[in-house]
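For ligands, and for the atoms within them, numbers begin at 1 and follow the listed sequence.
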Amino acid sequence: MAEERIRAALAEATDTGQVVIAPGTLASVAEVVERSLGAGPVQVVADATTWRVAGEEVQRRLEAAGHATEAPYRFPPDTLVLASYDNVERVRDALAGHDAVPVAVGSGSLNDIVKRAAHEAGRPYVVVATAASMDGYTAFGAAITRDGYKQTMTCPAPLAVVADLEVLAGAPPAMTASGYGDLLGKITAGADWLVADALEVEPIDRRVWQLAQGPLRAAIGRPAELAGGDREALERLVEGLVLSGLAMQAHASSRPASGAEHQFSHLWEMESLGHDRSPPLSHGVKVGVGTVAIAALYERLLDRDLAAVDVEALRRAWPGPEQAEAAVRAAHTTPGLDEAAVAETLAKHADQATLARRLATLADRWPLLRDRLRAQLLPAAKLRELLAAAGAPTRPAELGLTAQAFRDTYPRARMIRRRYTVLDLAFETGTLDGLVDELFAPGGFWAD
Ligand SMILES: [Zn+2]
């Protein structure tokens, strides 16, 4: 079943031709590489840990199969390999010395670094996964921090992905929990796409939607088993993450897999939340808490009758671009992020006429949209339970966030990406501040 779903998804994919998910697939890495690249030379790229858990074996198998290889590129031991642009440049410069195709051996950061470096060197790449920690393996684009701003840089997905379930099962449990958090985020990401579709901001592509959302419920259904080391639960998680990545690849955008929950995560990331921890807080952990936060916001929003908003009053009170920019500058002072947030906010800032039209559309469609959102979402309390069962943090304090910083994330996260989400819907209907107040008031979801 899983294999069939992956095969069907690969038919939609523009870059990736092979995805191999099974126990012991490291043994077939040379055949996978050969099917993708023929006999051309390759270079393994790894860090100290991923070299030990898989890179060394990959290198050995490639050599044993008579495949031409360059000496492996290994990041120095005891360095934290972040997905920053200087690391992209390092790998790109290493690639410039030969014409081999890189084989990334690693997870989130390493995959993103090699994905972008290969693209800048004008080459494809292949990835051997070392943890089920995020959905970026098969995704279009790489999340890279440059000049203080974490952005999705354009670059094709890999030609092939090798995911050896034995290797993934040996990854630190926190990394698997992180992958679970990233996957759980598709619940709210899907809701945000429903909103953007209903308001004619960004239409849903049904086939792509199905790729990301189809296997989701089954993949998130057994968090306790996943945390307990159950192989089938792990396989489901990997499948969900791979399909989510393939959905982004088919759509050439992260929209199918990333909504306001990711804006929370990206904001915290760019403000270096948890970078001082060892290991640093991973992407999926932040996405997981963001998912609970956004689901809680949706719950409050769905109790409102948005068909009854006073369109004329909202239109009259709507800020112009100068006011919008001033609000962003007041909320964001981190160098790099500040300018980017201004550009991102202004890119989606509606004029008064557009706002009025959108609110009229909302009034028409609210009853239907509300039903669809209720069917898509899970209660925030349920999401928190699922995350906890997977062994992932569920509360802002566990990430090192103060209550105030967490609360401020609701309005601030909206500003950092042009993607239209529930945060924009709440802002444009003049309900965002009131809804956030409710969440933190006595009896509210984040009251304690
Ligand atoms: Zn993600």
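The stretch residues 162-199 participates, sequence neighbours left out, in these ring pair (Phe, Tyr, Trp, His ring centres under 6.0 Å) pairs: Trp193-His251.
Remark: Glu339 engages Arg329 in a salt bridge (Lys or Arg N to Asp or Glu O under 4.0 Å) (not counting sequence neighbours).
Using modelled atom types, one finds a donor on one side chain and an acceptor on the other under 3.5 Å when comparing Thr16 with Gln249.
Salt-bridge annotation for Glu344 and Arg417: absent, with no side-chain N of the basic residue lying under 4.0 Å from a carboxylate O of the acidic one.
For the Zn ion (ligand 1), protein N, O or S atoms closer than 2.8 Å were enumerated as Asp182 OD1, His262 NE2, His283 NE2, with waters left out.
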Between side-chain atoms of residues 6-14 and protein atoms elsewhere (two or more places apart, or another chain), which donor-acceptor pairs fall under 3.5 Å?
residue	atom	partner	partner atom	Å
Glu12	OE1	Arg207	NE	3.4
Glu12	OE2	Arg207	NE	3.2
Glu12	OE2	Arg207	NH2	2.4

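Using a 4.5 Å cut-off on side-chain heavy atoms (C-beta onward), Leu226 and Leu234 make contact.
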